[in-house]
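In what follows, a structure is listed as structure tokens, so that the remarks can point back to it.
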Amino acid sequence: MDSKERIAALIGRAMEAAYPGVEGLPALREIEAALEIPPDNKLGDYAFPCFRLAKPLRKAPPVIAQALLAAWDAPETATAEAVGGYLNFFFNRKNFAGEVLAAIGPDYGHADIGRGEVVVMDYSSINIAKRFHIGHLSTTMLGHSLKRILEMLGYKTVGINHLGDWGTQFGKMICAYKRWGTREMIETGGVDAMTALYVRFHKEAEENPTLEDEGRAWFKRIEDGDPEALEIFTWFKDVTLKDAQRVYDMLGVTFDAYTGESFYNDKMDRVVSELTEKGLLVESDGAMVVDLEADGMPPCLILKRDGATLYATRDIAAALYRADTYHFSKALYIVAYQQDLHFRQLFKVMEKMEYPWAKGLVHVSFGMVSFEGQALSTREGHIVYLDDLLIRAVEKALKIIEEKSPDLPNREEVARQVGIGAVVYTVLSNNRIKDIDFRWDRALNFDGETGPYVQYAHARCCSLLRKAEDAGTAGGTPDYAALCDDEAQDVLRLLARFLEVLREAADKYEPSMVTRHVTRIAQAYNKYYYEHRILEGEPGEVAAKVRLTQAVRDVLREGLWLVGIDAPERM
RNA sequence: GCGCCCGUAGCUCAGCUGGAUAGAGUGUUUGACUACGAAUCAAAAGGUCGUGAGUUCGAAUCUCGCCGGGCGCGCCA
């Protein structure tokens with residue numbers, strides 16, 4: 001039972017004592033839900049608004065608050081105070097400190113809400129023959145972070161990189177390669193060389209439209225398993241994946257599977273036959289579609305006029321395969337909001353196919369990335385590649401380290417953690433639905449609410465703990481009376497709320513909630529640090545303050561880890 | 001034209017399932033390193049919560065209209 005539940009139970013008891021036998025009073029659950037955190041800490045740790053009781057009790061809210069106050073009989077847990085229509089509670093600060101700090105250990109954050117249920121996660125999903133750029137960062141980091149958060153809460157996750165490795169574009173690529181490319185060109189130039197070939201193809205196709213047919217023919221050869229076409233295709237794929245792997249390694253992102261679109265090439269017949277069996281497939285303008293007019297949506301295209309499959313067909317095949325293979329209870333598609341309609345259609349079709357797991361399909365959508373106010377464009381060069389961004393962020397971090405911590409060992413590694421932490425923090429600090437307009441100055445800012453800010457607070461904790469260790473002041477029995485001041489209590493409240501935040505972040509698929517909470521803890525601790533001398537005082541007091549510092553370090557480290565940011569011990 | 005999303009301080013954003021005086025960061029101005037780490041902290045200034053109505057004891061939050069912006073709307077993915 002946490003402190004909130006306990007307060008709720010005690011309010012219930014006071015209500016029973018003050019107004020025995022009255023109908024229509026809120027149940028325990030409702031009391032707990034009504035409990036709120038006052039806007040100002042001076043008002044209390046929790047507040048219970050009495051307005052809703054006015055009706056059933058036929059009394060004014062302030063009168064009710066007074067009556068409940070009179071019936072309040074648990075001063076050892078919290079003292080109460082009636083202010084207007086509110087009943088405000090102040091925890092016994094010493095006990096609160098002891099309880100909060102006792103709960104924080106290596107397992108803090110772990111829970112078994114998921115009970116081992118499988119969550120399939122589709123994220124990152126990069127395209128073959130394209131370089132990793134800032135437009136891929138949101139899906140990649142959202143997926144990575146949600147994976148860690150869900151695992152922490154007891155879910156089993158399967159991370160899938162649903163590669164964009166299918167479509168006529170790859171026929172065009174091969175066509176371009178055969179005409180103007182060489183093996184050496186790709187081997188040395190990598191993905192950039194492939195992109196250059198693709199751009200050239202489009203340019204030349206404007207003059208020479210027969211190229212388009214040639215491209216389609218090459219794609220047909222890939223589909224039919226022609227050895228030459230397939231060899232080039234898989235080679236391009238390998239080169240792209242190797243290039244992307246460098247970025248994934250820098251970010252620490254991993255996947256359990258790389259089953260992309262091409263993987264489902266031989267699994268499309270089942271989609272068509274099942275849809276036909278279930279009577280969902282109808283002809284429309286020569287194409288085969290699932291009609292969704294009754295659901296207020298445009299039809300979902302399954303087969304083109306020429307009988308070829310489409311994006312939606314492949315996504316249905318993927319969903320069927322994932323259901324069979326992983327027996328998921330939830331499947332998350334971490335894809336930009338551009339595709340809102342596509343997923344609404346897709347989920348509706350799955351629902352119409354009457355698969356019980358269809359209700360577990362979730363589109364975790366997020367905002368679009370632009371660069372200095374304009375849409376990203378590879379062709380016009382209006383783009384920021386991720387490795388350029390990461391390299392510049394790391395360089396900047398290294399420069400700051402050289403200025404501020406010239407004696408730091410392994411500074412390259414720390415610069416890497418800090419620079420990348422700054423970039424990752426930026427994508428996971430706002431609600432995911434927000435569009436991001438990328439600006440270099442903002443991305444390379446390490447002051448204020450940033451990744452380095454939180455990392456710095458963590459490193460500061462580590463530094464203090466090293467000093468406490470050296471001085472031998474860490475071991476004594478903590479006297480929690482030393483943590484009754486406002487600043488320490490602010491820190492403790494935030495630490496106590498971490499679990500709640502974690503659950504909500506998982507519920508809403510919103511890692512930014514963790515990022516922000518961790519930032520608030522760092523802010524509160526920094527303030528505490530300036531107001532109090534941690535390593536000075538009576539042994540019991542020092543032990544308590546050191547214990548608080550330990551807890552902050554642990555929660556910061558864990559919170560940062562959950563959003564994919566490393567926490568160096570020195571920086 | 002229709003559908004979905006967004007609109008809070010100069011800028012970037014929080015605001016918990018309707019609750020107390022709307023909060024951070026950044027930028028601007030100013031103060032604090034012979035101090036357990038100044039990538040820090042403190043202070044000032046900065047708001048008709050796009051707009052108009054409605055519901056409610058109470059609305060940034062819920063409903064509707066309007067304005068502004070983004071995205072999408074049959075054979076691309």
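To find a chain, count down the sequence lines: A is the first, B the second, and so on, and within it residues start at 1. Hydrogens, waters and symmetry mates play no part in the numbers below; they use all other heavy atoms, side chains included.
A syn base is found at B:G74: its glycosidic angle is within 90° of 0.
Nearest-nucleotide mapping onto RNA chain B: of A:E449 and A:L303, the residue sitting toward the 5' end is A:E449. In terms of position on RNA chain B, the residue among A:K404 and A:R497 whose nearest nucleotide sits closer to the 5' end is A:R497.
Residues A:I126 and A:A244 come closest through the heavy atom pair CD1-CB, 3.4 Å. Here the closest non-hydrogen pair linking A:V369 and A:I134 is CG1-CD1, 3.9 Å.
When heavy atoms are screened at a 4.0 angstrom cut-off, A:I400 is found touching base atoms of the nucleic acid. Within the nucleic acid shown, A:L535 comes within 4.0 Å of at least one base atom, counting heavy atoms only. Backbone-only contact: A:R314 has heavy atoms under 4.0 Å from sugar-phosphate atoms and none from a base. Residue contacts shown for A:D40 are absent, as no nucleic acid heavy atom lies under 4.0 Å away. As judged by a 4.0 angstrom heavy-atom cut-off over every strand, A:S365 is placed among residues making no nucleic acid contact. Within the nucleic acid shown, A:M571 comes within 4.0 Å of at least one base atom, counting heavy atoms only. Backbone-only engagement by A:R516 is indicated by non-hydrogen atom pairs under 4.0 Å involving sugar-phosphate atoms exclusively. Counting non-hydrogen atoms under 4.0 angstrom, A:E261 reaches the backbone sugars and phosphates but no base. Nucleic acid contact for A:V289: none, since no nucleic acid atom lies under 4.0 Å from a heavy atom of the residue. Residue A:H517 is out of contact with every strand shown, counting any heavy-atom pair closer than 4.0 Å. Counting non-hydrogen atoms under 4.0 angstrom, A:I534 reaches a base of the nucleic acid. Residue A:E536 is out of contact with every strand shown, counting any heavy-atom pair closer than 4.0 Å. Among the atoms of the strands shown, base atoms are found under 4.0 Å from some heavy atom of A:A47. Within 4.0 Å of A:T168, counting heavy atoms only, lies no atom of the nucleic acid at all.
Phosphate proximity of B:U40 to A:N526: absent, as no side-chain N or O sits under 4.0 Å from OP1 or OP2. Checking the phosphate oxygens (OP1, OP2) of B:U12, no side-chain nitrogen or oxygen of A:N445 falls inside 4.0 Å. Phosphate proximity of B:C13 to A:N431: absent, as no side-chain N or O sits under 4.0 Å from OP1 or OP2. Residue A:K527 places none of its side-chain N or O atoms closer than 4.0 Å to OP1 or OP2 of B:C41. Contact annotation: A:R442 side-chain N/O to B:U26 OP1/OP2 distance is not under 4.0 Å. In this model, the phosphate group of B:A38 is approached by a side-chain N or O of A:R460 to a distance below 4.0 Å at OP1 or OP2. An OP1 or OP2 oxygen of B:G37 is reached within less than 4.0 angstrom by a side-chain nitrogen or oxygen of A:S463. Note on A:K434: a side-chain N or O is less than 4.0 Å away from OP1 or OP2 of B:A14. Close to B:C71, at under 4.0 Å from its OP1 or OP2, lies no side-chain N or O of A:Q338. Between A:K508 and B:C16, a side-chain N or O to OP1/OP2 separation shorter than 4.0 Å is absent.
With a 3.5 Å ceiling on both atom-pair distances, the Watson-Crick or G-U wobble partner of B:C62 is B:G54. Using Watson-Crick or G-U wobble geometry with both donor-acceptor distances under 3.5 Å, B:C2 finds its partner in B:G72. B:U40 is paired with B:A32 under the Watson-Crick or G-U wobble criterion, all donor-acceptor distances under 3.5 Å. As the counterpart of B:G7, B:C67 is assigned, both hydrogen-bonding distances of the Watson-Crick or G-U wobble pattern falling under 3.5 Å. Nucleotide B:G23 forms a pair with B:C13, judged by Watson-Crick or G-U wobble geometry with both contacts under 3.5 Å.
Rounded to an integer number of Å, the gap from CZ of A:R439 to C1' of B:G25 is 17 Å. Rounded to whole angstrom, the span from the CD atom of A:E403 across to the P atom of B:A39 amounts to 10 Å. One atom, CZ of A:F366, and another, P of B:C5, lie 18 Å apart when rounded to the nearest Å. Between the CG atom of A:L53 and the C1' atom of B:G58 there is a distance of 15 Å, given to the nearest Å. Rounded to an integer number of Å, the gap from A:K348 NZ to B:G3 P is 18 Å. Following rounding to the nearest Å, A:L35 (CG) and B:C16 (C1') show an atom-to-atom distance of 13 Å.
The aromatic ring of A:Y453 does not stack onto the base of B:U40, failing the criterion of a centre distance under 5.5 Å from the six-membered base ring together with planes under 30° apart.
Look at the C1' atom in both B:G47 and B:C4: the space between them is 29 Å, to the nearest Å. Going from the P atom of B:C6 to that of B:A14 covers 11 Å, rounded to whole Å. Look at the P atom in both B:G25 and B:U21: the space between them is 22 Å, to the nearest Å. Comparing the same atom, C1', in B:C49 and in B:C36 gives a spacing of 42 Å after rounding to whole Å. With P as the reference atom, B:U29 and B:G23 are 25 Å apart, rounded to whole Å. Rounded to whole Å, the separation between the P atoms of B:A9 and B:A60 comes to 15 Å. With C1' as the reference atom, B:G18 and B:G74 are 43 Å apart, rounded to whole Å. Taking atom C1' on both nucleotides, B:G27 is separated from B:A45 by 12 Å, rounded to a whole Å.
Ring geometry for A:Y525 versus A:Y529: interplanar angle of 30 to 60°, hence tilted. Aromatic ring pairs are classed by plane angle as parallel below 30°, tilted from 30° to 60° and perpendicular above 60°; the pair A:F343 and A:Y333 is tilted. The aromatic rings of A:H136 and A:H133 sit tilted relative to each other, their planes meeting at an angle between 30° and 60°.
Taking a 6.0 Å sphere around NZ of A:K396, one finds it holds more than 12 heavy atoms contributed by other residues, nucleotides or ligands. Sparse packing is recorded around CD of A:E293, with 12 or fewer heavy atoms of other residues, nucleotides or ligands lying under 6.0 Å away.
The side chain of A:R305 lies closest to B:C75 when the candidates are B:C36, B:G74, B:C75.
Between A:F347 and A:H363, the distance separating the two ring centers is not shorter than 6.0 angstrom. Between A:F170 and A:F236, the distance from one ring center to the other does not fall under 6.0 angstrom.
Residues A:F233 and A:M173 are not in side-chain contact: their nearest non-hydrogen atoms beyond the backbone lie 4.5 Å or more apart.
Counting atom types as modelled, A:N88 pairs a side-chain N or O with a base atom of B:A20 as donor and acceptor under 3.5 Å. For A:Y530 against B:U40, a side-chain N or O and a base N or O form a donor-acceptor pair under 3.5 Å.
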